[in-house]
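Because only heavy atoms are used, hydrogens play no part in the values below, and waters and symmetry mates are left out as well, while side chains stay in. What you see is a predicted model; the values in this text were computed from it and never measured.
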Amino acid sequence: MHRPTALGGALAALATAAAGVLVAAAVSTTPAAAATAGTGTGYLHTSGNKIVDSTGATVRLTGINWFGMETDNRTFHGLWSSNPWRGQLDTMARLGYNTLRIPYSNDALKPGATATGINDFVNPDLVGLSPLQILDKVIDYAGSKGMRVILDRHRPTSAGQSPLWYTSTVSEATWIADWKMLAQRYANNTTVIGADLHNEPHAEGTNPAATGACWGCGDTARDWRLAAERAGNAILGVQPNWLIFVEGVSCPSGGLSNVWDNDPSNDEDCGWWGGNLSKAGQFPVRLNVANRLVYSPHEYATSVYRQTWFDDPSYPANMPAIWDKYWGYLYRQNLAPIMMGEFGSTLQDPKDKVWLQNLMAYTGTGVIGMSFTYWSWNPNSGDTGGIANDDWTTINQAKQDILQPYLIPAAGGGGNPTPTPTGTGSPSPSPTTPAPSGGCTATYKQVNAWQGGFQGELTVKNTGTAAVNPWSATWTWPSGVTLASGWNATVTQSGTTVTAAAPSWAASLAPGASVTVGFTANGTAAAPGAVKLNGTAC
């Protein structure tokens, strides 16, 4: 993600939080089991313009970006909030995001790198862990929910993005070595499906003195297509099962046009940073392992920069041709799959809402549509905001309403929440349908405990024959135990009784479906007692 000027760009504004007090801790990681359903089985590969699983079934990645590991914090943003990290992943999965794109910088991978900005009261299990150890935990938990993970080399250092894949302080050799390390680290974990090699390569310098990333120019120091081949093949030498995600450039020449030099021969049509794949058909990325290449353009709205096409009198009817020109032709000509790695907007400008609606329609519906990872979960993305609101718990319903029809939940993601009509608020709930007598079960898992508090998950399953809409679960705690935070529901406490009311985006609990309500609490750890679903004891 970047904030461009007329022909270039700069960084998105990112918030930084103060770190909590850290103490030593240890963690062990276990490779996640193969994902199923919405994200397929086993490792993924490509077939024409489709991504398919180990059985040949078509998979559509409908994901979201959760950034922070590329910044000075060197770990996920929002860990400073009152919503535990697992609660945030629970919400992403429940909303239908089946893939997590994780940006990082090489700074976060260095020995001795320290993660900051962690609320140690809410996330005690992350205290003292390195950025890579926290990444391990996020990957493991995402995998347990059936989600897939794409790793994104977003920046060479936390200081900012770079037009080329290397800088004076981070060499190409370091870039490739770090990728090989990550490929080896997650070699046996089918949750991690691939590498987005370098974020938003782009033009720098003015033509004919271009110094930025070009496509097909043949200069090994600047040709992003050749660099992607070198890195992609090095990764596949370590982990041949990974997908290799290759972004575009901004200007194929790698330089910005000088429209005042009276020389139109070196002027060209440029797109978003990372968004211009217009030369990939002529100069495709060649990998040593077949069926591993996915092209991954970026696409943004007027909240990022007011490109000329937004002011075309025919807008938005002009947009499909523009998308076709820059990257869509690769999909339409069955040359390779498309996975839009970033796209997003604040939706503050009416044109942005139209843009997002039309872009999603362009990607297609159902499992055969183009894959994508929305930018972003984070509310602190300066030019786009996020799906999460500033509390990192509630969601931006206006954005979610537009994306919802295109989301394909992973197995374990909690089911696809009922979408609300585009452009409206939460739907009016249907009349409450109590669960039949004996029609629910409840299981409890204590996730963590510390002096003065604990974290838990209560899973309630509707074993009746009718949907419960809207659902509401209640339980009791011993005197002295008080609620600190909750997620996947609106959780409140009165006396010793706790109520978890259905969120608007998942009001109905179908027969056989379950919901997991997460919480942190103050006091001595205690399992919920007298659990009820809409008044019926479980």
Side-chain angles (χ1 to χ4, degrees), residues 1 11 14 16 19 22 24-29 31-32 65-79 85 100-118 126-143 148-162 164-189 191-201 227-228 230-239 242-247 341 373 378:
M1 165 57 180
L11 298 177
L14 300 176
T16 304
L22 302 182
V27 64
S28 62
T29 61
N65 287 267
W66 189 6
F67 69 75
M69 195 175 173
E70 82 284 15
T71 72
D72 286 340
N73 295 103
R74 294 178 174 81
T75 193
F76 300 88
H77 281 182
L79 300 183
W85 67 272
L100 191 63
R101 180 175 179 260
I102 301 176
Y104 72 86
S105 80
N106 296 82
D107 281 353
L109 309 183
K110 291 179 178 178
T114 301
T116 64
I118 299 173
L126 302 185
V127 171
L129 300 188
S130 71
L132 275 173
Q133 289 171 325
I134 294 174
L135 178 63
D136 290 341
K137 290 178 74 72
V138 168
I139 287 172
D140 283 351
Y141 191 66
R148 302 290 194 152
V149 168
I150 298 167
L151 300 176
D152 156 44
R153 194 287 192 113
H154 208 75
R155 303 173 178 175
T157 71
S158 58
Q161 291 174 235
S162 60
L164 299 170
W165 52 97
Y166 62 92
T167 67
S168 59
T169 59
V170 181
S171 67
E172 176 175 310
T174 297
W175 173 55
I176 291 177
D178 281 350
W179 265 127
K180 291 171 68 176
M181 178 275 292
L182 290 170
Q184 209 150 33
R185 187 179 186 93
Y186 302 113
N188 298 313
N189 190 334
T191 296
V192 185
I193 57 170
D196 189 334
L197 298 177
H198 175 63
N199 189 67
E200 296 183 348
R230 293 193 294 272
N233 285 326
I235 291 168
L236 292 172
V238 173
Q239 169 49 297
W242 269 15
L243 295 174
I244 302 298
F245 295 86
V246 180
E247 300 181 27
T373 49
N378 305 51

Taking the side chain as C-beta and beyond, is there a heavy-atom pair between Asp152 and Ile102 under 4.5 Å?
no

How far apart are the C-alpha atoms of Val149 and Ile193, what are their side-chain angles, what is the distance that settles it, and do they pass the side chain to side chain contact (heavy atoms under 4.5 Å, CB included) test?
CA-CA 6 Å; Val149 168; Ile193 57 170; over 6 Å; no

Which pair of non-hydrogen atoms, one from Lys180 and one from Ala234, has the smallest distance, and what is that distance?
CG-O, 4.0 Å

For Thr191 and Ile139, which heavy atoms make the closest approach, and how far apart are they?
CG2-O, 3.7 Å

If we only count heavy atoms from C-beta on, is the Leu132 to Arg185 side-chain gap below 4.5 Å?
yes

Ile118 side, atom CD1; Thr116 side, atom OG1 - distance, nearest 0.5 Å:
7.5 Å

Here the gap from Leu100 atom CG to Ile150 atom CD1, rounded to the nearest 0.5 Å, amounts to 9.0 Å

Pair Lys110 + Asp107, salt bridge at N-O below 4.0 Å:
yes

Any side-chain heavy atom of Asn73 sitting closer than 4.5 Å to one from Leu79?
no

Trp165 vs Trp175, test: side chain to side chain contact (heavy atoms under 4.5 Å, CB included). Steps then yes/no.
CA-CA 8 Å; Trp165 52 97; Trp175 173 55; 3.3 Å; yes

Step by step, work out the side chain to side chain contact (heavy atoms under 4.5 Å, CB included) result for Tyr186 and Asp136.
CA-CA 9 Å; Tyr186 302 113; Asp136 290 341; 2.7 Å; yes

Nearest atoms (heavy-atom pairs only) where Ala108 meets Pro131
O-CB, 3.5 Å

Sub-3.5 Å donor-acceptor pair from the side chain of Glu172 to the main-chain atoms of Tyr166, do we have one?
no

Any side-chain heavy atom of Pro103 sitting closer than 4.5 Å to one from Phe67?
yes

When rounded to the nearest 0.5 Å, the distance separating OG1 of Thr114 from CG of Leu129 is 11.5 Å

Any idea how Trp85 and Tyr141 line up, ring-wise: parallel (<30°), tilted (30 to 60°), or perpendicular (>60°)?
perpendicular

Mind listing the closest non-hydrogen atom pair of Thr373 and Asn65 along with its distance?
O-ND2, 3.1 Å

Nearest 0.5 Å please: distance from the CD1 atom of Ile134 over to the CG atom of Leu126.
5.0 Å

In short, Leu135 meets Met69 closest at the heavy-atom pair CD2-CE, 4.0 Å

Please verify the inter-ring angle class for Trp179 with Trp242; under 30° counts as parallel, over 60° as perpendicular, anything in between as tilted.
perpendicular

Taking the side chain as every heavy atom from C-beta outward, state whether His154 and Ser105 have any pair of such atoms under 4.5 Å apart.
no

Flag the pair Phe76 / Trp66 as yes when their ring centroid distance falls below 6.0 Å, and as no otherwise.
yes

What heavy-atom pair brings Ala195 and Ile235 nearest, and what distance separates the two atoms?
CB-CD1, 3.8 Å

If only side-chain N and O atoms count, and only distance matters, is there a donor-acceptor pair under 3.5 Å linking Thr71 with His77?
yes

Out of curiosity, Met181 CE to Leu109 CG, how far, rounded to the nearest 0.5 Å?
4.5 Å

Are the side chains of Arg153 and Asn199 in touch, meaning some heavy atoms are under 4.5 Å apart?
no

Thr157: which residues meet the side-chain hydrogen bond (donor to acceptor under 3.5 Å, both in side chains) condition with it, sequence neighbours left out?
none

For Gln161, run the side-chain hydrogen bond (donor to acceptor under 3.5 Å, both in side chains) check against Glu200, Arg155, His198, Glu70 and tell me which one passes.
Glu200

SB check Arg101 Asp196 (cutoff 4.0 Å):
yes

Check whether any side-chain N or O of Arg230 sits under 3.5 Å from a backbone N or O of Ala228 as a donor-acceptor pair, and report yes or no.
no

How many angstroms lie between NZ in Lys137 and OG1 in Thr75, if you round to the nearest 0.5 Å?
11.5 Å

